[in-house]
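For reference, the structure discussed in these notes is given below.
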Amino acid sequence: MPIDFSAPSLVVARALIGASVFVDGVGGTIVETEAYDQTDPASHSHAGHTARNAAMFGPPGRAYIYRSYGIHWCMNFVCEPEGHGAGVLIRALEPTAGIERMRERRGLDALTLLCSGPGRLCQALAVTHELDGMRLDRKPFRVVARRPDAAVTVQAGVRIGISKSRELPWRFVLAGSRYLSKPMR
DNA sequence: TGTATGATCGCCT
DNA sequence: GGCGATCATACAG
């Protein structure tokens, strides 16, 4: 069953734990996500439509990619019906495919540092603004839902690196994963 | 193991 | 002019 990206970002963020994402065949299992939507002061979409966040207000099932701190790229999957300004930030992967290419791009050997953080995983998967607004069901993307019978334990907690709406438990992780950007407290 | 800092882009006030 | 949905490095204890 494909993932229903027209669902609320909280539902999609939870459903994505244990799913997989690949860009040109390089990627792995999603182990950490965060939900954002227009009601949320921490979201880029909160203040409305701008050139940067346009993809968030477009159709669901596409990528929203933005530059973070002027240096890194971060990738979201757009959710909810078109115009709602919601998305899920992909924060960490467990690498499973194209690991040598990730190592070259990251200049690192340590498996746990290749994709454990939103900026790191974009560098490892060569994600840039060129993919902003692109459909997730077309090349170069491939998103594979977790198996319905998969035994995954999803843990919820507060999001990382934000100053507004800090208390909302909108971060989701695969319990016990070694590949998180930070351990769940 | 932790705290501090610089890099540097786009949007906002 | 200020501030991030970050990360790597430098240093202290």
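Each chain gets a letter, A, B and so on, in the order the sequences are listed, and its residues count up from 1.
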Output yes when a side-chain donor or acceptor of A:R120 lies under 3.5 Å from a complementary backbone atom of A:S116, and no otherwise.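 Judged by distance alone, yes, a pair lies under 3.5 Å.
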
Check: A:T29 side chain, A:S20 main-chain N or O, donor-acceptor pair, under 3.5 Å: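 No; zero donor-acceptor contacts below 3.5 Å.
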
Sugar-phosphate or base contact per nucleotide [nucleotides 6-13 of chain B; S, B, -; heavy atom under 4.0 Å]: -BBB-SS-

For the residue pair A:D37 and A:T39, what are the closest heavy atoms and their distance?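 Heavy-atom minimum between the residues: OD1-OG1, 2.5 Å.
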
How close do A:A55 and A:V78 get, counting heavy atoms only, and between which atoms?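 Reported closest heavy-atom pair: O-CG2, 3.4 Å.
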
Interface residues of residues 152-178 of chain A with DNA chain B (non-hydrogen, below 4.0 angstrom):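 Per residue number, the list is empty: none.
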
Stems where DNA chain C pairs, listed by first number, each of three or more Watson-Crick or G-U pairs under 3.5 Å: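 Output for stems: B:1-7 with C:6-12, B:9-12 with C:1-4.
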
Say we look at C:dA8 and B:dG10: how far apart would their C1' atoms be, to the nearest angstrom?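 Between the two C1' atoms, the distance is 23 Å.
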
Check against salt bridge (charged side-chain N to carboxylate O under 4.0 Å, His left out), A:E104 and A:R101: CA-CA 5 Å; A:E104 289 164 18; A:R101 280 217 268 167; over 6 Å; no

Starting at [atom1] of [X] and ending at [atom2] of [N], how long is that distance when rounded to a whole Å?
X      : N     : atom1 : atom2 : value
A:H46  : C:dA5 : NE2   : P     : 13 Å
A:E32  : C:dC7 : CD    : C1'   : 14 Å
A:Y36  : C:dG4 : OH    : C1'   : 11 Å
A:L113 : C:dT6 : CG    : P     : 16 Å
A:E34  : C:dT6 : CD    : C1'   : 12 Å
A:I65  : C:dA5 : CD1   : C1'   : 14 Å
A:K182 : B:dT3 : NZ    : P     : 10 Å

Assign A:M75 to base, sugar-phosphate, or nothing according to its heavy-atom contacts below 4.0 angstrom with the strands shown.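 No contact.
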
Do the side-chain N and O atoms of A:R91 and A:S181 include a donor-acceptor pair separated by under 3.5 angstrom?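 There is such a pair (donor and acceptor under 3.5 Å, judged by atom type) between the side chains of A:R91 and A:S181.
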
Between A:Q123 and A:R105, do the side chains contain an N or O donor and an N or O acceptor separated by less than 3.5 Å?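 Distance-only check fails for A:Q123 and A:R105.
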
side-chain contact (heavy atoms from CB on, under 4.5 Å) between A:Y64 and A:M134, intermediate numbers included: CA-CA 8 Å; A:Y64 162 50; A:M134 304 276 275; over 6 Å; no

Give the ring-plane orientation class for A:Y66 versus A:H44, where under 30° counts as parallel, over 60° as perpendicular and anything between as tilted.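 The arrangement is perpendicular - the two ring planes meet at more than 60°.
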
Using heavy-atom distances to pick each residue's nearest nucleotide on DNA chain C, tell me which of A:R120 and A:Y66 is more 5'.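 Going by which nucleotide is closer to the 5' end, it is A:Y66.
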
Are A:R159 and A:D40 close enough for a salt bridge, meaning some N to O gap below 4.0 Å?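 A salt bridge links A:R159 with A:D40.
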
Using the side-chain contact (heavy atoms from CB on, under 4.5 Å) rule, take A:L16 and A:V88 through it: C-alpha gap first, then chi angles, then the decisive distance, then the call. CA-CA 9 Å; A:L16 282 172; A:V88 173; 3.8 Å; yes

